[in-house]
Amino acid sequence: MYGPGVMVVRVHGPVLSLTAVALTTPVDDSTSELRMLYYLRKPARFPFLTPALKLAFRAEALGEVREELRIWDQKIHQARPVLLPHEKGIRALRRWYGQFYPPEVTIPGACQPTPSNAPGCSQL
């Protein structure tokens, strides 16, 4: 992640290389705007396949986002979620992300910036 609401994924393969950018902006307490940007590099050996690859990738990506939306619509905030061992980074991410909330919002376990730890909230 590059910061709150920005995620960039790069994939380089023998036939297809792409960069996907997801931009999420909260609109209100129950709505977020999601923008997905995809950059596909023309395959060097098969440039004539580019239009077909774009269509196939677009259809696959749209289907995956629609599946994810069903999950995201059911999500609720839990101050102390049950996490599996491989998910321990979520706690650190929540603490780091807390520095971007307005001062009047207190998120349990989140990094709350003070003059001594701002801007990085280094208590992680």
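Hydrogens, waters and symmetry mates are skipped; everything else that's a heavy atom, side chains included, is used. Being a predicted model, the structure only gives us computed values, none of them experimental.
- To the nearest 0.5 Å, the span separating CD1 on Ile90 from NZ on Lys88 amounts to 12.5 Å.
- Both Leu69 and Met7 belong to a common hydrophobic cluster when Ile, Leu, Val, Met, Phe, Trp and Tyr are linked at side-chain heavy-atom distances under 4.5 angstrom.
- In this structure, the separation between OG1 on Thr50 and CG on Leu40 is 8.0 Å, given to the nearest 0.5 Å.
- Linking Ile, Leu, Val, Met, Phe, Trp and Tyr whenever their side-chain heavy atoms come within less than 4.5 Å puts Val6 and Tyr39 in one cluster.
- Hydrophobic clustering (ILVMFWY, side-chain heavy atoms < 4.5 Å, transitive): Val11 and Tyr38 are in one cluster.
- Between Tyr97 and Gly5 the shortest heavy-atom distance is OH-N, 3.9 Å.
- For Ser32 against Pro26, the heavy-atom pair with the smallest separation is OG-CA, 3.7 Å.
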Show, in sequence, the C-alpha distance, side-chain angles and deciding distance for Leu23 and Leu34, and conclude whether the side-chain contact (heavy atoms from CB on, under 4.5 Å) test is met.
CA-CA 6 Å; Leu23 305 168; Leu34 173 65; over 6 Å; no
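- Although no hydrogens or angles enter the test, the distance criterion places a donor-acceptor pair under 3.5 Å between the side chain of Gln99 and the main chain of Trp96.
- No donor-acceptor distance shorter than 3.5 angstrom exists from the side chain of Thr31 to the backbone of Asp28, with no hydrogens or angles considered.
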Decide side-chain contact (heavy atoms from CB on, under 4.5 Å) for Asp73 and Lys75; before the verdict, give the C-alpha distance in whole Å, the side-chain angles of both, and the deciding distance to 0.1 Å.
CA-CA 6 Å; Asp73 282 345; Lys75 287 186 118 180; over 6 Å; no
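- Note that CG of Leu16 is 7.0 Å distant from CZ of Phe57, once rounded to the nearest 0.5 Å.
- Annotation: the span from Lys54 atom NZ to Lys42 atom NZ amounts to 7.5 Å, rounded to 0.5 Å.
- Leu53 and Phe48 end up in the same hydrophobic cluster when Ile, Leu, Val, Met, Phe, Trp and Tyr side chains are linked at under 4.5 Å.
- Leu83 places a side-chain heavy atom less than 4.5 Å from the side chain of Arg91.
- Across Arg70 and Gln74, no two heavy atoms sit closer than the pair O-CG, 3.4 Å.
- Between Arg66 and Glu68 there is no salt bridge, since none of the side-chain N atoms of the basic residue sits less than 4.0 Å from a carboxylate O of the acidic one.
- With values rounded to the nearest 0.5 angstrom, Glu64 atom CD is found 9.0 Å from Met36 atom CE.
- A distance of 11.0 Å separates OG1 in Thr24 from CZ in Arg35, rounded to the nearest 0.5 Å.
- A donor-acceptor pair is defined here as one N or O able to donate and one able to accept, closer than 3.5 Å; such a pair exists between the side chain of Glu87 and the backbone of Leu84.
- A continuous path of hydrophobic side-chain contacts links Val9 to Val65 [ILVMFWY only; heavy atoms under 4.5 Å].
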